[in-house]
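This report concerns only the one structure given below.
Just so we're on the same page: letters track the sequence lines, and every chain starts at 1.
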Protein chains: 2
Amino acid sequence: MKYNKDTSEKILDAAVREFETKGYSGTRMQAIADRAGINKALLHYYYKSKDALFQIIIQKAFKVFIPKVISAIDEETDLFETIEKFTSSYIDNLIQHPRIPAFITLEINNNPERLLGLIQSSGVNVEKFKQKIDTAIEKGEIIDVEPIQLIVNIISLCLFPFVAKPIITGLVLNGDEKVYEKMIEERKQEVSKFIIRAIKK
Amino acid sequence: MKYNKDTSEKILDAAVREFETKGYSGTRMQAIADRAGINKALLHYYYKSKDALFQIIIQKAFKVFIPKVISAIDEETDLFETIEKFTSSYIDNLIQHPRIPAFITLEINNNPERLLGLIQSSGVNVEKFKQKIDTAIEKGEIIDVEPIQLIVNIISLCLFPFVAKPIITGLVLNGDEKVYEKMIEERKQEVSKFIIRAIKK
DNA sequence: GTCTATAAGGTGATAGAC
DNA sequence: GTCTATCACCTTATAGAC
């Protein structure tokens, strides 16, 4: 057996934690090795280079960050149900991986070229969602909104509280993490209520 | 005269551009010097160290990022007018400094301790805003909402489109920057309309 | 004030023993 | 598979000439 799977995963876990908080350039291979309880040489034995290791991690993170919108949209549910389902499942997903949004925005601003490739291979189709919004307008179910604005609003309300956790906790919640977590949990319902009330005719 | 103000500002401008896009650890003193058209030694003559230079810049950026909410809140306007005034002036402010939100979230997640000091010296008082929301609920002007959720929603809708510019442009707008700018410009009105419709009784 | 040269220490990556 | 030792390069910062 060439690779010890246990060691391989220990490294990956350690690398995720380092990259997520420090970003690519702020992360040291030594720090990853220390956290994994091994040495730098072994790290290079399992993963060729810092960049190779990073690629693996950012691709995994991107899959969490860009949700499978399609499955929710393809179904023959109306716009309201689509929004409810999307926001609650997306926020729930982010609660399981709370550091991903900050990590992605951190590195995506740093290296937008890499983003494009990842988006293209993500298979997300926003057009279908736009169409669903247009249909709801035509049917008179919602007020006349710009689909893009609505989509940006939905994404903003789901993601930003995770991106800006330290700011929200410090500025609005007096540093109380427990209150932060409760607030996020409530958003699984509150966000869709807020959106639907804003657009329903 | 000990310092050439022109050189000093050229350095600061160059440093802002480097730090904003690359973050602290991704920025090279050489790159700042190159951009400013001087050499590294002179850079250290004007600003003691990389860290000192960074401190100055992040403090300036923070002042843009954390708006002077107080002035809008202290006035005897109702909640709706406060929200309209806040969102439009804040977004307008961010249009002038579009890279600040990404920069702050980038570094704030990196070094949350620094954040606390900056918040304390920012003089922002969220309590007053919460009270204004509570008053509006009591008066029956808006539906019964959790003030914290509403505040988080407002901040999210203003800031996230700037934080995630590359994602939005790539994912939703097919890479068209012109469309992005038009969309942001429209948000100066759209955001408050959206919020008020969601909470008005 | 501005430059060149260089010190002092870190950083990713590899060679080679076990 | 895992380690120690080390290379080659990069980065911040300073010394000292002009």
Between protein and nucleic acid, restricted to nucleotides 6-8 of chain D and to nitrogen or oxygen atoms under 3.5 Å apart, what atom pairs and distances do you find?
none

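For B:I11 and D:dA13, the CD1 to C1' distance is 15 Å, given to the nearest whole Å. For B:K22 and D:dC10, the NZ to P distance is 16 Å, given to the nearest whole Å. Computed from coordinates, the B:I32 CD1 to D:dA13 P distance equals 10 Å when rounded to whole Å. The separation between B:L53 atom CG and D:dT12 atom P is 11 Å, rounded to whole Å. Between the CG atom of B:L42 and the P atom of D:dG16 there is a distance of 19 Å, given to the nearest Å. Between B:D34 atom CG and C:dT2 atom P there is a gap of 16 Å when expressed in whole angstrom units. The separation between A:M29 atom CE and C:dA13 atom C1' is 8 Å, rounded to whole Å. One can place CG of A:L43 at 10 Å from C1' of C:dG12, the figure rounded to the nearest angstrom.
When each of B:K188, B:K193, B:R187 is paired with B:E190, the salt bridge (charged side-chain N to carboxylate O under 4.0 Å, His left out) condition holds for B:K193 and for no other.
With hydrogens and angles disregarded, a donor-acceptor distance shorter than 3.5 Å links the side chain of A:K50 to the backbone of A:Y24. Side-chain atoms of B:H97 never come within 3.5 Å of backbone atoms of B:N93 as a donor-acceptor pair (strictly under, hydrogens ignored). Under a 3.5 Å cut-off, the side chain of B:K200 and the backbone N or O of B:I195 do not form any donor-acceptor pair.
In this structure, of D:dC3, D:dT2, C:dC3, it is D:dT2 that holds the atom nearest to the side chain of A:Y46. Closest contact between the side chain of B:K50 and the listed nucleotides D:dT12, D:dC3, C:dA13 involves D:dT12. Side chain of A:N4, nearest nucleotide from D:dA13, C:dC3, D:dT2: D:dT2. Set against C:dC3, C:dT2, C:dA15, the side chain of A:A41 has C:dA15 as its closest nucleotide.
An OP1 or OP2 oxygen of C:dA13 is reached within less than 4.0 angstrom by no side-chain nitrogen or oxygen of A:Y47. Regarding contacts with the backbone of C:dT14, every side-chain N or O of A:H44 stays at 4.0 angstrom or more from both OP1 and OP2. The phosphate of D:dT12 has OP1 or OP2 within less than 4.0 Å of a side-chain N or O from B:R28. A close approach under 4.0 Å does not occur between any side-chain nitrogen or oxygen of B:Y45 and OP1 or OP2 of C:dC3. For the OP1/OP2 pair of D:dT2 and a distance below 4.0 Å, the side-chain nitrogens and oxygens of A:T7 include at least one atom meeting the criterion. Taking side-chain N and O atoms only, B:N39 has no distance below 4.0 Å to OP1 or OP2 of C:dT2.
A 4.5 Å side-chain heavy-atom check between B:M29 and B:L43 finds at least one atom pair inside the cut-off.
If you check every strand for non-hydrogen atoms under 4.0 Å, B:S25 touches nothing.
The two atoms that bring A:F86 and A:C158 nearest to each other are CE2-SG, 4.5 Å, heavy atoms only.
Residue B:R35 places its CZ atom among more than 12 non-hydrogen atoms of other residues, nucleotides or ligands, all under 6.0 Å distant.
Outside the 6.0 Å centre-distance limit, the rings of B:F103 and B:F19 are not counted as a close aromatic pair.
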